Novice: 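So that we are looking at the same thing, I have put the structure below in structure tokens.
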Amino acid sequence: MKTLITTLNSKFIHKSLALRLLYVACKNDHDIDFKEYTIKDDLNHIVEDLLSIDLDILCLSVYIWNVDHIQKLCHLLKERKPELKIIVGGPEVTYEIDYFLDEFEIDYIMAGEGEVALNQLLTALENNEEVNLQGISTKEHRDPRLIPPVDLSYLEMLESPYLLERDMKDMKNRILYFETSRGCPYQCQYCLSSLEKGLRFFSMDYLKQQLKAILNTDVKVIKLLDRSFNAKTEHALEILDFVFKNCHPGVQLQFEINGDVLDQRIIDFINEEAPDGLLRFEIGIQSTYEPTNKVVQRYQNFERLCDVIRQLQQNHKIDFHLDLIAGLPLENLQRFSKSFDDVFRLYPKELQLGFLKLLRGTSLRKEANKYGYIYEKHAPYELIESHDLSKEDIEKIHLAEDMLQKYWNSGRMPITMNKVLRQCKSPFYFFLDLGEFYQAQQFKFFGFQLDELFQYINLYLKERYEDELIEDYLRLSKVKPKKWWKTRIDNEKEIKHRLIEKHQLNQEDVFRYGIVEKLKEDYLAVNTNADIEIQTSDSTTGVTSTQEGICDIGMASRDLKDTETGVTATTIAQDGIAVIVNNENPVENLTSDQVKSIFTGETTVWADVQ
């Protein structure tokens, strides 16, 4: 029987590991192939394409992003070819099989890991045998159990799903998903992974063999599917060590980790040995409110987590992607803003603000009434309102999230946003206020040009940071950009000639592509590689900004503390202190030692210095 395994990916760049694993598990025993589409493809075109293959069996991998498309696809296919047997599997259909058997025009549901079970099901269908397999259900015979977990040593004997010949030409253009383990050690009540029992690891010999071959291709991005890469420290260290020694320039590995339990050995090893730009860590913090974390069983030590992230930020070797979820129990708008500000103060490259999704099978969905959850009935089942967040509250968070994406996560204006946000009291309310300013001014939320994005924020900031915005804008542009600010110089042609002569620049390139503008002081014209930024802040900010690599030179008006490592103190000036006392004070002169004694708190009574 001719069989095809397929799915609708969210984007072309994503490559389905599930299809490839099922394919290599079944291809030696059955007439089977796999093919990928995306949710942007026209369903009628997909139907025509599938029917042209003259299939007997179609296997569909179902996820939250494609479930509605899959339902329509099944209907269209059954209309045209009723005898086509349709098998569905995947996380979206695993935990509420009755709904999908009743509502979808399908023949079988596979609930759980399918590499062995699909082979068995296809054999039974080809031999016209009764299907009596654990975790496989039909409309007439429903089995609420999951398919038994696959022995990973069996998968290790199969052809590599990562190195199929057909995938080689697109290695550099697509994300390669890789797994070193299955299962999750945590029980977060909003996550499907909490329903899996146990944690299993592939053998190290197998992983090294696969990784070595993968790293010998031109792959650019490898994303690990492990729910918590650092669940087993020795395992994580050995993989990191192997990757560090075998990676090629330009490749990036993306991991999901639990930061508060990241072993110090891993931290030290990364800081000492990791190549620059190789690693990207995703950490799901979700909330910093302990009562909320207790309810959803997301236990974490936020203080330790902050320490771990700051240690790893020192050498700027890792890109951090931190996650928050709006809508968790007990967290109202004010308390959520505190979680946002707590996490934002770590200044990750990207802060993803997600909204609670009441996923099928999860405990929070089953307890929706307890928390007053009203949510979308169709995927992705996103929260509409709850006891803790009104519709208006959620709209405000969406507005702040939009601004967060435009002005921070996009990375378009790092100089400006770092300067602004390190001085503001609440990053969350900054983004919310900016969004409300957008609405009041009727700015474009969609379809805007880059120069408009800069104009909007410049107006909001009342032109106080125009120099920084201009510099961000010019650094972002690869060709001569459109000016959105009023020029500050009259003799641009003359200045260009002066710069060409002084810095030996290409005259044609400068006049064709270059823009000259007066920013800050003349120092920038002499030292063209310098970025001069003067901020009025406290000494600790000067030190930490230098430690974190935000600037090369920071200012402090005190000696370094023993805990402030990784920076060097150089005295360039001394502060003068003018002592002013009440006119009635009889003290007329003070020695330096006496002044020191007063300011350190040793002397608290004026009579002691008379």
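A quick note: this is a predicted structure, and the numbers were derived from the prediction, not measured.
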Novice: Can you tell me if Gln189 and Gln187 form a side-chain donor-acceptor pair at under 3.5 Å?
Specialist: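 The criterion, which ignores hydrogens and geometry beyond distance, is not satisfied for Gln187 and Gln189.
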Novice: Is there a donor-acceptor contact under 3.5 Å linking the side chains of Asp226 and Thr180?
Specialist: yes
Novice: Examine the side chains of Thr7 and Ser16 and answer whether a donor and an acceptor come within less than 3.5 Å of each other.
Specialist: no
Novice: Ring centroids only, cut at 6.0 angstrom: are Trp408 and Phe431 within range, meaning strictly under it?
Specialist: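 No - the distance between ring centres of Trp408 and Phe431 does not fall below the 6.0 Å cut-off.
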Novice: Side-chain donor-acceptor pair under 3.5 Å between His316 and Asp276, yes or no?
Specialist: no
Novice: Would you sort out whether Lys245 and Asp241 count as a salt bridge (Lys or Arg N to Asp or Glu O under 4.0 Å), showing the intermediate values?
Specialist: CA-CA 6 Å; Lys245 292 175 179 176; Asp241 180 59; 3.2 Å; yes
Novice: What I want to find out is whether Lys232 reaches Glu238 closely enough, with some N-O distance under 4.0 Å, to be called a salt bridge.
Specialist: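 No, no charged N to carboxylate O under 4.0 Å.
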Novice: Side-chain donor-acceptor pair under 3.5 Å between Gln210 and Ser160, yes or no?
Specialist: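 Side-chain D/A pair, Gln210 to Ser160: present.
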Novice: So among Val88, Leu19, Ile87, which one has a side chain to side chain contact (heavy atoms under 4.5 Å, CB included) with Cys59?
Specialist: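 So the option named by the test is Ile87.
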Novice: Would you tell me whether Asp307 and Gln311 have side-chain atoms, one donor and one acceptor, within less than 3.5 Å of each other?
Specialist: yes
Novice: Verify, without hydrogens or angle tests, whether Asp56 (side chain) and Lys85 (backbone) share a donor-acceptor contact under 3.5 angstrom.
Specialist: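 Not a single qualifying donor-acceptor pair exists.
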Novice: Give a yes or no on this: more than 12 heavy atoms of other residues, nucleotides or ligands lie within 6.0 Å of atom CD of Glu303.
Specialist: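 No.
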Novice: Report the residue from Phe201, Phe255, Phe178, Phe281 that forms a ring pair (Phe, Tyr, Trp, His ring centres under 6.0 Å) with Phe229.
Specialist: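 Only one of Phe201, Phe255, Phe178, Phe281 forms a ring pair (Phe, Tyr, Trp, His ring centres under 6.0 Å) with Phe229, namely Phe255.
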Novice: Cation-pi check for Tyr190 against Arg365: NZ or CZ below 6.0 Å from the six-membered ring centre and within 45 degrees of the axis, yes or no?
Specialist: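 Relative to the ring axis of Tyr190, which defines the angle, Arg365 lies outside at least one limit.
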Novice: Between the side chains of Gln264 and Asp268, is a donor N or O closer than 3.5 angstrom to an acceptor N or O?
Specialist: yes
Novice: May I ask you to decide if Ile32's main-chain N or O and Lys2's side chain share a donor-acceptor pair within less than 3.5 Å?
Specialist: no
Novice: For the residue pair Ser193 and Arg227, what are the closest heavy atoms and their distance?
Specialist: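 For Ser193 and Arg227, the tightest heavy-atom pair comes out as OG-NE, 3.0 Å.
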Novice: Would you name the heavy atoms of Leu199 and Ala231 that are closest together and state the gap between them?
Specialist: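 Scanning both residues completely, I find the closest heavy atoms to be CD2-CB, 3.7 Å.
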Novice: Could you measure the distance from the CD atom of Glu282 to the CD1 atom of Ile257? Nearest 0.5 Å is fine.
Specialist: 10.0 Å
Novice: Hydrogens and angles aside, do Gln405 and Ser410 bring a side-chain donor and acceptor to less than 3.5 Å of each other?
Specialist: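 No donor-acceptor contact under 3.5 Å links the two side chains.
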Novice: Does a side chain donor of either His14 or Arg174 reach within less than 3.5 Å of an acceptor in the other side chain?
Specialist: no
Novice: Does a sphere of radius 6.0 Å around NZ in Lys27 hold more than 12 heavy atoms from other residues, nucleotides or ligands, not counting ones at 6.0 Å or beyond?
Specialist: yes
Novice: Does a donor on one side chain and an acceptor on the other come within less than 3.5 Å for His321 and Asp323?
Specialist: yes
Novice: Where is the tightest heavy-atom contact between Ile266 and Asn230, given as atom of each residue plus distance?
Specialist: CD1-CB, 4.2 Å
Novice: Of all heavy-atom pairs between Asp33 and Arg166, which one has the smallest distance, and what is that distance?
Specialist: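 Closest approach of Asp33 to Arg166, heavy atoms only: OD1-NH2, 2.7 Å.
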Novice: Does the pair Arg475/Glu471 count as a salt bridge with the N-to-O cut at 4.0 Å?
Specialist: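 So Arg475 pairs with Glu471 through a salt bridge.
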Novice: Using a distance-only test with no angle check, is there a side-chain donor-acceptor pair under 3.5 angstrom linking Glu36 and Asn9?
Specialist: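 Glu36 vs Asn9: donor-acceptor pair found between side chains.
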Novice: So, is the end of the Arg422 side chain (NZ or CZ) under 6.0 Å from the ring centre of Tyr347 and within 45° of the ring's axis?
Specialist: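 Yes.
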Novice: Can you find a side-chain donor-acceptor pair between Ser153 and Asp151 that sits under 3.5 Å?
Specialist: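 Present: a donor and an acceptor within the cut-off.
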Novice: I would like to know whether Asp49 and Tyr37 meet side-chain hydrogen bond (donor to acceptor under 3.5 Å, both in side chains); could you show each step before the answer?
Specialist: CA-CA 11 Å; Asp49 191 46; Tyr37 302 95; 2.5 Å; yes
Novice: Could Glu256 and Lys223 be called an ion pair, given the rule that one side-chain N must be under 4.0 Å from one carboxylate O?
Specialist: no
Novice: Can you confirm whether the side chains of Tyr381 and Arg360 place a donor and an acceptor under 3.5 Å from each other?
Specialist: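 The criterion, which ignores hydrogens and geometry beyond distance, is satisfied for Arg360 and Tyr381.
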Novice: Under 6.0 Å from the six-membered ring centre of Tyr162 and within 45° of its axis: does the NZ or CZ of Arg20 meet both?
Specialist: no
